[in-house]
Amino acid sequence: VIDVKEVHDNGTLHRMVQLRNPWTADYSYAGEWSAESKNWAKLKVLAAECPHKDPSLFWMKAADNDAFEGSDFFSVFAKSNLIVTRIFPSTWAHTRIKAR
């Protein structure tokens, strides 16, 4: 985890997580919030706060408002390990989920 952002846009609180992909040459994130996603065009404030300047970095949505478990981030990392390299803002809740 490189960065986290809480951004209000279009009446919704978007909780975003920026990750580094060390395998950029072989695999790129193609999920709901990939750099090529049409979602960014719909949410200009979010797009400005979560730029895609480095191809080895990408954003995933951690939660909409308080719905963490339905997020792309949760579905990917609920079954694997995640190394956090930054401290989350105090407004975020800490949650531990046992991988299956």
Side-chain angles (χ1 to χ4, degrees):
V1 173
I2 303 301
D3 200 359
V4 295
K5 300 254 182 177
E6 287 185 326
V7 180
H8 289 275
D9 194 355
N10 204 23
T12 301
L13 174 61
H14 302 275
R15 291 183 169 153
M16 305 297 289
V17 177
Q18 186 180 45
L19 303 163
R20 177 174 304 282
N21 176 8
W23 304 280
T24 303
D26 299 321
Y27 176 79
S28 61
Y29 172 66
E32 181 183 9
W33 292 94
S34 67
E36 295 79 25
S37 173
K38 294 179 181 175
N39 289 331
W40 298 108
K42 298 174 192 172
L43 299 165
K44 301 290 186 191
V45 174
L46 185 61
E49 290 289 324
C50 300
H52 290 91
K53 295 178 182 177
D54 182 337
S56 70
L57 301 177
F58 65 96
W59 291 93
M60 292 180 87
K61 184 169 281 189
D64 274 330
N65 295 316
D66 292 323
F68 175 71
E69 290 186 355
S71 71
D72 194 22
F73 182 79
F74 178 82
S75 66
V76 170
F77 290 104
K79 298 177 185 172
S80 64
N81 294 322
L82 177 67
I83 299 170
V84 178
T85 59
R86 298 222 178 176
I87 298 172
F88 290 87
S90 62
T91 57
W92 285 44
H94 296 270
T95 303
R96 289 185 181 205
I97 300 167
K98 185 177 179 180
R100 294 178 202 145

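- The shortest side-chain heavy-atom distance between V45 and H14 does not fall under the 4.5 Å cut-off.
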| field | Trace of the side-chain hydrogen bond (donor to acceptor under 3.5 Å, both in side chains) decision for N10 with T12 | value | CA-CA 6 Å; N10 204 23; T12 301; over 6 Å; no
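- Side-chain N or O atoms of W59 include one that pairs as donor or acceptor with a backbone N or O of P51 at under 3.5 Å.
- Taking the side chain as every heavy atom from C-beta outward, W40 and C50 approach each other to under 4.5 Å.
- Remark: E49 CD to D3 CG distance equals 10.0 Å, nearest 0.5 Å.
- Rounded to the nearest 0.5 Å, atoms CD1 (I2) and CG (N21) are 11.0 Å apart.
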| request: May I have the step-by-step check of side chain to side chain contact (heavy atoms under 4.5 Å, CB included) for E6 and L13, ending in yes or no? | output: CA-CA 7 Å; E6 287 185 326; L13 174 61; 3.9 Å; yes
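- Judged as a side chain to side chain contact (heavy atoms under 4.5 Å, CB included), and not counting sequence neighbours, the contacts of N39 are E32, W33, S37, K42.
- Contact annotation: the side chain of V1 approaches that of L19 to within less than 4.5 Å [non-hydrogen atoms, C-beta and beyond].
- In plain terms, the two heavy atoms of S34 and H52 that are nearest each other are C-NE2, 4.3 Å.
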